[in-house]
Amino acid sequence: MRGEWTVEDYRLIADALAADIAAGRLRPGDRLPPQRAFARSRGIAASTAARVYGELVRRGLATGEVGRGTFVRAAAPPTHPPLAEPAGARVELELNFSVLPEQPALLAPGLERLLRVDPLGQALAPATVTGPPGAREAAVQVLARAGWTPEPERVLFAGNGRQAIAAAVAALVPVGARLGVEALTYPVVKGIAARLGVTLVPLPMDGDGLVPEALREARVRAVYLQPTLHNPLGVTMPPARRAALAAVLDELEVYAIEDAVYAFLRDEPPPLAAFAPARTLVVDSLSKRLSPGLTLGFVVTPAGAAGERVAAALRSGGWAAGGFALAAATAWMADGTVAALVRAKRRDAAERQLIAGKILDGYALRADPRAYHCWWELPEPWRAETFVAAAARHGIAVTPAAAFAVGPAHSPNAVRLALAAPPVDALSTALEVLAAVARGDYAGVE
């Protein structure tokens, strides 16, 4: 095997050791084997072992002490949590946002109207969680789907989708109580729960989404889920499963927080709220339909005290929408701009899925043909952490399964690819590079 290793392979070995350090299998202060012993154990040349150790030192993960050997240092913290801020990679396949080339021209007229004196004065006034006149009616047009139309008086506004989720969780789950989530869930929910003092309980999924019977043993106050185009798996819960889940929610008197942020990419099925209207809060936003830079969040509440608690949480948490963003979004929703962008982004997402399916054909890729993301179960001998590190060396940011996993259970050996952000030609090139990395073929991809 010694003669089979290439110059690039020492980096793969360093990636594996870096993953062991990140996972705690190698701890700060642990002494690495002498280089010759390490070389024999891996079947590599001593010079290759020296390169591996040198790479770890270069990354700040190890330190060499004369006469004593090489020791693991505390790994530097990541510069940003998963899916939180742009990583500065040349190709962004981690954050899933889409800004189409024609988008600025479509949005500009709505902003121009707001810059007139009277509309601007109104937009700069303090906003309420119920919005200005006409805002709820405009939102209903955007949120309605598959025969379900929310009542305007049930719609509340947040600054963005994350704030809508935070308000819903704060309203439904007291400090110290338990919130059920899918075993793989939106990473931001983990941060929200930690800051609100809420314990997350991972619930099993199958090919149809969350398993309703799991709620019976979970003893949760509410459950957060993405039943349509689940992030990261892309699963959409069929109507029969939604009906079964609704029955369990009613029986246990448990609320569901339905995150519908990707549902605009599909016409069907109806939301969970259509099956359990008294037990479901729908959270959504314009961040995927429009852009994360100027967005708006929604909470569609059931009748009764839950809606009042969400409104109070939005106000007290500082999560209400700003007046200018709310005024701009209301105009775009009312004049058909949002609907036009939804149609364009559906076409765009479908095109990108075709590209991903063609380039990654033969790999274990799970995706809905209408989604902006896909789930890649990596081939052996790759592990998610080492693949992410290898992709980063080529300037490509992807997300490991561990970012979505809840609790101490072993996360799948997979990565999520967000397809929305790069230009189509850059996306194609990046996917070809990742396919080459997965094959171990590094020729021509530096």
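Values below: all heavy atoms of this structure, side chains included; hydrogens, waters and symmetry mates excluded.
Residue L290 holds its CG atom at 6.5 Å from CH2 of W332, rounded to the nearest 0.5 Å. From L326, atom CG reaches atom OG1 of T128 across 7.5 Å, with rounding to the nearest 0.5 Å. Annotation: the span from F264 atom CZ to L341 atom CG amounts to 9.5 Å, rounded to 0.5 Å. Going from atom CZ of R266 over to atom CG of D368 covers 5.0 Å, rounded to the nearest 0.5 Å. Atom CD of Q163 sits about 9.5 Å away from atom CD1 of I192, to the nearest 0.5 Å. Going from atom CG of L215 over to atom CG of L210 covers 6.0 Å, rounded to the nearest 0.5 Å.
Atom CZ of R27 has 12 or fewer neighbouring heavy atoms from other residues, nucleotides or ligands inside a 6.0 Å radius. For R216, the CZ atom is densely surrounded, since the number of other residues' heavy atoms within 6.0 Å is greater than 12.
In this structure a side-chain-to-backbone donor-acceptor pair under 3.5 Å is present from N413 to W382. Side-chain atoms of R279 do not come within 3.5 Å of backbone N or O of D250 as any donor-acceptor pair. No donor-acceptor pair under 3.5 Å is formed between the side chain of R315 and the backbone N or O of A320. Of the possible donor and acceptor atoms, one in the side chain of Q353 sits under 3.5 Å from a partner among the backbone N and O of H373. With Q141 contributing its side chain and A334 its backbone, the two residues share no donor-acceptor pair below 3.5 Å. Between the K190 side chain and the A405 main chain, a donor and an acceptor come within less than 3.5 Å of each other. Listed for the Q226 side chain is a donor-acceptor partner under 3.5 Å among the backbone atoms of N231. Of the possible polar contacts, one joining the K288 side chain to the N96 backbone as a donor-acceptor pair under 3.5 Å is found. A donor-acceptor contact shorter than 3.5 Å is absent between the side chain of E385 and the backbone of A22. For R221 (side chain) and L179 (main-chain N/O), no donor-acceptor pair under 3.5 Å exists by modelled atom type.
Using a cutoff of 4.0 Å between basic side-chain nitrogens and carboxylate oxygens, E351 and R347 are not scored as salt-bridged. A salt bridge links R241 to D206: at least one charged side-chain nitrogen sits closer than 4.0 Å to a carboxylate oxygen. Salt bridge annotation for D267-R370: absent, with no cationic side-chain nitrogen under 4.0 angstrom from a carboxylate oxygen. A salt bridge is absent between R219 and E217: the closest approach of a Lys/Arg side-chain nitrogen to an acidic carboxylate oxygen does not fall below 4.0 angstrom.
With a 4.5 Å cut-off on side-chain heavy atoms, L100 and S98 count as touching. A heavy-atom distance below 4.5 Å is not found between the side chains of L245 and F275. The closest side-chain heavy-atom distance from L417 to L434 is below 4.5 Å. No side-chain heavy atom of R289 sits less than 4.5 Å from a side-chain heavy atom of M333. Between V140 and R154 the shortest side-chain heavy-atom distance does not fall below 4.5 Å. At least one side-chain heavy atom of L294 sits under 4.5 Å from a side-chain heavy atom of L111. Taking the side chain as every heavy atom from C-beta outward, F298 and F157 approach each other to under 4.5 Å. In this structure the side chain of R352 never reaches within 4.5 angstrom of the side chain of C374, judged on heavy atoms.
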task = Start with the C-alpha distance between V142 and D284, add both sets of side-chain angles, then the distance that settles side-chain contact (heavy atoms from CB on, under 4.5 Å), and finish with yes or no.
result = CA-CA 10 Å; V142 170; D284 203 342; over 6 Å; no
query = What do the steps show when you test W319 against V299 for side-chain contact (heavy atoms from CB on, under 4.5 Å), and what is the final call?
reply = CA-CA 11 Å; W319 295 318; V299 187; over 6 Å; no
query = Do V189 and V406 pass the side-chain contact (heavy atoms from CB on, under 4.5 Å) test, and can you show the C-alpha distance, the side-chain angles, and the key distance before you say yes or no?
reply = CA-CA 10 Å; V189 173; V406 180; over 6 Å; no
request  = Dump the intermediate steps for side-chain contact (heavy atoms from CB on, under 4.5 Å) on L196 and V173, then the final yes or no.
outcome  = CA-CA 9 Å; L196 294 177; V173 188; over 6 Å; no
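Closest approach of R162 to N160, counting heavy atoms only: N-OD1, 3.1 Å. Minimum interatomic distance between G307 and L156 (heavy atoms only, all atoms of both residues): O-CD1, 3.9 Å. In terms of heavy atoms, P400 sits closest to A384 at CB-CB, 4.2 Å. The two atoms that bring A256 and L272 nearest to each other are CB-CD2, 3.9 Å, heavy atoms only. Considering every non-hydrogen atom in both Y372 and A420, the closest pair reads CD2-CB, 3.5 Å. Heavy atoms only, all atoms of each residue included: A18 and L56 are closest at N-CD2, 4.4 Å.
If you check the side chains of R242 and T228, you find a donor sitting under 3.5 Å from an acceptor.
Each of H230, M237, M205 was compared with L225 under the side chain to side chain contact (heavy atoms under 4.5 Å, CB included) criterion, and only M237 meets it.
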